[in-house]
2 protein chains.
Amino acid sequence: MSRTIDKVMRVLDLFSLERPEWGVSEAAKALGFPKSTTSELMSDLADQRLLSRATKGKYRLGWRLFELSQTLLDTTEFRMEARRVMEELVGCWRETVHLAVLDGVQAVYVEKLQPTPAVKIWISRTGARLPAHCSGVGKVLLAHSKWEHIAALFEDQGMPTLTHNTITTLDALAEELERVRELGYAHDHEETLVGLCCVAAPVHGSGGEVIAAVSLSVPAYRFCPNEDNYTAAILDAARRISESAGPELQESPDYEMEVQGT
Amino acid sequence: MSRTIDKVMRVLDLFSLERPEWGVSEAAKALGFPKSTTSELMSDLADQRLLSRATKGKYRLGWRLFELSQTLLDTTEFRMEARRVMEELVGCWRETVHLAVLDGVQAVYVEKLQPTPAVKIWISRTGARLPAHCSGVGKVLLAHSKWEHIAALFEDQGMPTLTHNTITTLDALAEELERVRELGYAHDHEETLVGLCCVAAPVHGSGGEVIAAVSLSVPAYRFCPNEDNYTAAILDAARRISESAGPELQESPDYEMEVQGT
DNA sequence: AATCCTCGTTCGACGATACCGAACGTGCCG
DNA sequence: CGGCACGTTCGGTATCGTCGAACGAGGATT
């Protein structure tokens, strides 16, 4: 594996909500790199606009990341329809709704809609990444992936225990995923966070493969899957999102032009 | 400069709205790289989740880009308030409103709000990058940057001519930027696109420095800056966004303003 | 079913290039 | 004025990315 790319990612990963600005020396110390190497790295990254120079020798994340992310989002077909459906869900159930995709053995939250007034701020965040084995969306996504692949990754990275209900062994996970496949949806009974439950269902692409998952999150004390039919609602929502991706022949309208300086 | 980082960016830049998926051979041919090099490069990028493996050996942009972009956005303080103010602007004027930041000599559109029903799809797009010398937001941002710096960049990259009104010489640009500084706002008379005008104003950070620009775009046939007071509206909007970022006092005369050399 | 083509990946020796300690210039504080 | 911490520059060295060739897996055509 390329050592340079690895270092680049180590550097970019430094930048967080809590610490959005880094100087060269701070970064070098945090990463254990020599100061000169770090300086050249960060300077190169700034030249490529992956970093931007802030005041007083500090660096921030650069806007090219935003550009790249935006083309990623704009070429993710199901996102527009998903958002519409999710808004309906929130309006109807007054609970938090998530949309996530699988990335390795982690679920990346692509969209998160909360009712107003927001009941609470969960640990999830748009753009956040959580272990997939302990959330509704995560289990749905894992259930439709190659088992050998994800098993190997979990062996490597371990399975973090977030609550007393979190699945902690590969055997238990295999069993649970089998159940998820049979049912067609997944429940999360306080496996991510104590007090939080959810129902999640798979979103299918035009080829029938699972490309994302939607979920409805409900506080545990209010979670009655047998009385309320969250499950039917989320399954219907997932189906509707899938159908928008289904009619294969949607040709994207030609954009006028893309002007970029050279 | 690091050759590896350069190659990485060349690869990532391949992915666009028109062509969101690339195979190794296609990419190698497009970039002029050997197939093996490209394969290892893309494989490494996929390991780092900057790319993701799609079906049939194709690659797509990876979700780590989205994560990084999201932490960038979430640490961009003025964005929330900017969005609120922009929504008001759109509601009031029924025209398209832009928010942009400067990146080199290009303006990156951070946010774009259109009235419903949308009048037209402009060449701008959230996440897009346009030469700064030919747009309202761009000129505002350039006007408050170090002249030597941007002059050098323009010398390097040239000044693309988009319309018959586009500024094409450094001298004319210097003059225009001086006027923008004096007035406190910028007009764009069909300099980006024939038929499109706009008024743009600077957003100040807590330190008084210009961190972004907002603009109101109006079709040329409807653009009457002397009758309607777009200008007052956009200046007021920019001021309100600035205030949310800086409860600190911002001195109006910026005495360390740079004077243009050659 | 067999053949051919194209794809993505692997391999290993080579040579470009990223690496790092030391030195430099700068701005800040005492 | 002098000390300190910062970001940057420099050049020799060894690492690590590079690239042609070979490999194995699919698809399509015959």
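Just so it is clear: chains get the letters A, B, ... in the order the sequence lines come, proteins before strands, and each one is counted from 1.
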Main chain of Pro160(B), side chain of His133(B): is a donor-acceptor contact present, judged purely on distance under 3.5 Å? yes
Short side-chain to backbone donor-acceptor contact, Arg19(A) and Glu21(A), under 3.5 Å: yes
Give a yes or no on whether the backbone of Asp103(B) and the side-chain of Arg129(B) come within a donor-acceptor separation of less than 3.5 Å. no
State whether the side chain of Arg49(B) and the backbone N or O of Gly62(B) hold a donor-acceptor pair below 3.5 Å, judged by distance alone. no
For Lys58(A), salt bridge (charged side-chain N to carboxylate O under 4.0 Å, His left out) partners two or more places apart: Glu26(A)
Please confirm whether the backbone N or O of Ile5(A) pairs with a side-chain atom of Ser2(A), one donor and one acceptor, at under 3.5 Å? yes
Within residues 33-47 of chain B: residues closer than 4.0 Å to DNA chain C (heavy atoms): Lys35(B), Ser36(B), Ser39(B), Glu40(B)
I'd like to know if the side chain of Trp63(B) and the backbone of Val101(A) have a donor-acceptor N/O pair within less than 3.5 Å. no
Between Glu243(B) and Arg240(B), is there a salt bridge with N-O shorter than 4.0 Å? no
Please examine the side chains of Ile211(A) and Glu209(A), heavy atoms only from C-beta on, and report whether any two atoms are closer than 4.5 Å. yes
Side chain to side chain contact (heavy atoms under 4.5 Å, CB included), that's the test. Do Tyr109(A) and Val137(A) meet it? Break it down for me. CA-CA 9 Å; Tyr109(A) 289 93; Val137(A) 284; 3.9 Å; yes
Does any non-hydrogen side-chain atom of Lys7(A) lie less than 4.5 Å from one of Thr37(A)? yes
Contact list please: residues 2-12 of chain B against DNA chain C, heavy atoms, distance less than 4.0 Å, in numerical order. Ser2(B), Arg3(B), Thr4(B)
Side-chain touch Met9(B)/Leu68(A), heavy atoms, less than 4.5 angstrom: yes
To the nearest 10 degrees, what angle separates the axes at the start and end of the helix from dA1(C)-dT30(D) to dC28(C)-dG3(D), five pairs each? 40°
For DNA chain C, determine which residues of residues 52-59 of chain B have any heavy atom closer than 4.0 angstrom to one of its atoms, and list them numerically. Arg53(B), Gly57(B), Tyr59(B)
Is there a side-chain contact between Trp147(B) and Leu177(B), using heavy atoms and a 4.5 Å cut-off? yes
Is Ser242(A) reaching over with its side chain to a backbone N or O of Ala238(A), donor-acceptor style, under 3.5 angstrom? yes
So where does chain B start and stop touching DNA chain C, 5' to 3', when the test is distance under 4.0 Å to a non-hydrogen atom? dC7(C) to dA18(C)
Do the side chains of Glu176(B) and Arg179(B) get close enough for a salt bridge, i.e. N-O under 4.0 angstrom? yes
